[in-house]
Amino acid sequence: MQIYIYREDFFYNKILATSKSLVEEILKDKSKYYTKRKIPKKNGFRTINCLEKNSALSKIQQSIRINFLNTISIPNYVYGFVSGQSYSDYLKPHVRRKYYLRLDIKNFFENITNDTLESVFSYYFRLNDNKNNEELLLLIDLITLDGKLPQGAITSPTISNIVFRQLDIRINKYCKKFNINYSRYADDLLFSTDNKFLHNDFFIKKIKYILSTRGFELNKHKIRYDQDSISLNGFVIEDNIRISRSKLKGLSSTLFIIDKHRSNFDITKLLSDINNSGLNREIKNKYSLLNYLAGYRAFLLQFLDRENPEEYYNKKVSNYVIRIQNSIELLRG
């Protein structure tokens with residue numbers, strides 16, 4: 001059920017779950033609750049502001065997300081930052097299509113500014129004129145840093161979907177005119193169809209225009225046109241969705257090394273061999289290795305088609321899951 005804010009006491013007691021005095025104290029210096037972290041990417045590093053866990057501001061943001069943001073509906077063709085949805089779900093609508101187009105939004109979070117948030121969230125604040133603006137601006141202050149949405153805040157993923165909601169609806173409505181499938185995962189927009197119009201410059205110009213109405217731009221270097229199949233982030237979409245060999249290369253190598261060490265198990269030697277195998281991350285200890293394997297197991301399970309257990313690709317994924325489970329049991333000893 002969608003919540004609208006009519007009263008000041010409701011805003012503090014039910015949405016923020018705290019007092020006005022504590023909020024004012026936190027906002028005197030909210031930057032102290034954030035830590036800058038460098039996240040590796042292809043061409044170097046990206047710096048993000050991460051909200052400290054269990055801090056006073058993080059608790060308020062948790063309340064905002066649970067009590068308010070989660071009540072705002074998101075279109076069912078949006079998959080990123082949505083509970084119960086995965087990257088494979090984002091790809092599924094595009095199986096068995098002739099033409100593919102992938103677009104990437106430039107500086108996704110950084111382009112969501114205070115002005116944009118005020119425009120979007122003013123709809124949900126219905127106090128009297130003076131209080132309406134005061135509480136709205138206070139909410140925006142609690143969820144932003146330096147005038148924009150910080151990528152490492154608790155509320156930012158959900159807010160990005162809410163900000164994009166009207167754009168998603170407009171894009172999908174336009175796509176329906178040409179029988180084009182549309183889905184979005186965070187800043188990745190994916191389109192597919194049997195209609196060649198998808199590869200027409202006019203189509204992209206229309207999408208660019210829709211995005212520009214909220215201040216978003218496309219990353220022109222990441223535009224992808226494909227025909228019959230498309231490969232994205234290690235996944236290949238064609239008659240089904242499969243994981244590419246490159247995506248599984250590191251896992252295959254790690255499982256092979258673990259199997260080799262089974263008869264004479266020594267965790268120090270095992271970790272040394274894994275870290276010297278060319279894996280694109282460092283495995284520091286046994287618990288790091290367990291987390292790596294458990295993460296991959298959860299990742300692969302989403303690709304199992306339980307309705308077709310005998311299908312070749314399904315068997316291949318199942319085999320990986322079994323090998324991972326056996327390796328986890330060995331490490332837990």
- Task: Compare every heavy atom of Ile26 with every heavy atom of Ala56, then report the nearest pair and how far apart it is.
- Result: CB-CD1, 3.7 Å
- Task: Indicate yes or no: does Asp226 engage Arg224 in a salt bridge with an N to O separation below 4.0 Å.
- Result: yes
- Check the side chains of Tyr124 and Gln2 for a donor-acceptor pair under 3.5 angstrom, ignoring hydrogens and angles. no
- Nearest-0.5 Å distance, CD1 of residue Ile267 to CG of residue Leu330: 8.5 Å
- Query: For residues 281-301, which residue pairs qualify under side chain to side chain donor-acceptor pair (under 3.5 Å), counting only residues two or more places apart or in two chains?
  - Reply: Arg297-Gln325
- Enumerate the residue pairs fulfilling salt bridge (Lys or Arg N to Asp or Glu O under 4.0 Å) with a member in residues 87-102, sequence neighbours excluded, ordered by first and then second residue. Asp89-Lys92, Lys98-Asp228, Arg102-Asp188
- Query: Can you get from Tyr182 to Ile223 by hopping between Ile, Leu, Val, Met, Phe, Trp and Tyr side chains that sit under 4.5 Å apart?
  - Reply: yes
- Query: Taking the six-membered ring of Tyr34, is the NZ or CZ of Arg37 close enough (under 6.0 Å from the centre) and on axis enough (within 45°)?
  - Reply: no
- Task: Indicate yes or no for a side-chain donor-acceptor contact from Ser327 to the backbone of Leu255 under 3.5 Å, with no hydrogens or angles considered.
- Result: no
- Message: Hydrophobic clustering (ILVMFWY, side-chain heavy atoms < 4.5 Å, transitive) - are Ile230 and Val95 grouped together?
- Response: yes
- Closest heavy-atom pair, Leu167 versus Ile210, reported as atoms and distance to 0.1 Å, is CD2-O, 3.3 Å
- Message: Go through it in stages, so that I can follow the logic: the residues are Asn179 and Asn195, the test is side chain to side chain contact (heavy atoms under 4.5 Å, CB included), and I'd like the CA-CA distance, side-chain angles, deciding distance and then a yes or no.
- Response: CA-CA 7 Å; Asn179 197 28; Asn195 185 349; 5.7 Å; no
- With a 4.5 Å limit on heavy-atom distance, are the side chains of Leu190 and Leu103 in contact? no
- Output for pair (Leu57 CG, Leu145 CG), nearest 0.5 Å, gives 9.5 Å
- Message: Any carboxylate oxygen within less than 4.0 angstrom of a Lys/Arg side-chain nitrogen, looking at Lys59 and Glu52?
- Response: no
- Query: With a 3.5 Å cut-off and no angle check, do the side chains of Ser252 and Tyr320 form a donor-acceptor pair?
  - Reply: yes
- Is the OH atom of Tyr225 crowded by more than 12 outside heavy atoms at less than 6.0 Å? yes
- Query: Salt bridge check: are Arg323 and Asp259 linked by an N-O gap of less than 4.0 Å?
  - Reply: yes
- Message: If hydrophobic clusters are built from ILVMFWY residues whose side chains come within less than 4.5 Å, do Ile66 and Phe81 share one?
- Response: no
- Kindly say whether Ile112 contributes a backbone atom to a donor-acceptor pair with the side chain of Thr116 at under 3.5 angstrom? no
- Message: Using a 3.5 Å distance criterion without hydrogens, assess whether the side chain of Asn172 forms a donor-acceptor pair with backbone atoms of Asp168.
- Response: no
- Task: Could you tell me the separation between the OG1 atom of Thr71 and the CD1 atom of Ile3, rounded to the nearest 0.5 Å?
- Result: 4.5 Å
- Item | Distance, nearest 0.5 Å, that separates OG1 of Thr155 from CG of Leu51 | 8.0 Å
- Is there a ring-ring contact (aromatic ring centres under 6.0 Å, His included) between Tyr79 and Tyr87 once you walk through the steps? CA-CA 7 Å; Tyr79 297 91; Tyr87 195 80; 9.8 Å; no
- Task: Could you walk me through whether His261 and Asp273 pass the side-chain hydrogen bond (donor to acceptor under 3.5 Å, both in side chains) test, one step at a time?
- Result: CA-CA 10 Å; His261 281 263; Asp273 283 357; 2.8 Å; yes
- Heavy atoms only: give me the nearest Leu22-Thr18 pair and the separation to one decimal. CD2-OG1, 3.0 Å
- Heavy atoms only: give me the nearest His94-Asn181 pair and the separation to one decimal. CE1-O, 3.6 Å
- Between Phe178 and the options Tyr99, Phe197, Phe202, Phe191, the ring-ring contact (aromatic ring centres under 6.0 Å, His included) test singles out Phe197
- Message: Testing the basics here: between Ser160 and Leu149, what is the closest heavy-atom pair and its distance to 0.1 Å?
- Response: N-CD2, 4.2 Å
- Task: Please confirm whether the backbone N or O of Asp141 pairs with a side-chain atom of Lys30, one donor and one acceptor, at under 3.5 Å?
- Result: yes
- Does the pair Lys32/Asp29 count as a salt bridge with the N-to-O cut at 4.0 Å? no
- Is Leu301 linked to Ile322 within one hydrophobic cluster, defined over Ile, Leu, Val, Met, Phe, Trp and Tyr using a side-chain heavy-atom separation of less than 4.5 Å? no
- Item | Check: Thr193 and Leu101 side chains under 4.5 Å, non-hydrogen atoms | no
- Do Pro150 and Ile48 come close enough that some side-chain heavy atom pair is under 4.5 Å? no
- Item | Arg184 charged N/C atom sitting above Phe164 aromatic ring, 6.0 Å / 45° | yes
- Task: Say whether, by atom type as modelled, one donor and one acceptor occur between the side chain of Ser212 and the main chain of Gly215 under 3.5 angstrom.
- Result: no
- Got a salt bridge between Arg242 and Glu238, using NZ or NE/NH1/NH2 to carboxylate O under 4.0 Å? yes
- Lys106 to Phe216, cation-pi by 6.0 Å centre distance and 45° axis angle: no
- Straight-line distance of Tyr100 OH to Ser229 OG, nearest 0.5 Å: 7.0 Å
- Item | Test item: Asp104 side-chain N/O and Lys222 main-chain N/O as donor-acceptor pair under 3.5 Å | no
- How many angstroms lie between atom OG1 of Thr158 and atom CD1 of Ile64, to the nearest 0.5 angstrom? 11.5 Å
- Message: Taking side chain to side chain contact (heavy atoms under 4.5 Å, CB included) as the criterion, tell me which of Tyr77, Phe235, Tyr185 meets it with Tyr90.
- Response: Tyr185
- Under 3.5 Å donor-acceptor, Asn111 side chain and Asn107 backbone: yes
- Plane angle bin for Phe125 and Phe68 - parallel if under 30°, tilted between 30 and 60°, otherwise perpendicular: perpendicular
- Task: Could you please spell out the steps behind the side chain to side chain contact (heavy atoms under 4.5 Å, CB included) verdict for Phe121 and Ile159?
- Result: CA-CA 10 Å; Phe121 285 110; Ile159 288 170; 4.1 Å; yes
- Shortest non-hydrogen contact from Ile5 to Leu127? O-CD1, 3.3 Å
- Task: For Asn161 and Gly80, indicate whether the former's side chain and the latter's backbone hold a donor-acceptor pair under 3.5 Å.
- Result: yes
- Task: May I ask you to decide whether Arg332 forms a salt bridge with Glu329, counting only side-chain N to carboxylate O separations under 4.0 Å?
- Result: no
- Step by step, would you call Leu138 with Leu27 a side chain to side chain contact (heavy atoms under 4.5 Å, CB included)? CA-CA 9 Å; Leu138 189 141; Leu27 291 177; 4.1 Å; yes
- Query: Passes side chain to side chain contact (heavy atoms under 4.5 Å, CB included), Lys249 versus Ser244? Steps please.
  - Reply: CA-CA 9 Å; Lys249 184 178 178 181; Ser244 67; over 6 Å; no
- Message: I'd like to know if the side chain of Gln61 and the backbone of Leu142 have a donor-acceptor N/O pair within less than 3.5 Å.
- Response: yes
- With a 4.5 Å heavy-atom cut-off, do Ser156 and Ile143 have their side chains touching? no
- Any chain of hydrophobic side-chain contacts (each under 4.5 Å) joining Phe299 to Val236? no
- Under the 3.5 angstrom rule, does the side chain of Ser119 hit a backbone N or O of Asp115 as a donor-acceptor pair? no
- Mind checking whether Ile171 and Leu189 have side chains closer than 4.5 Å, heavy atoms only? yes
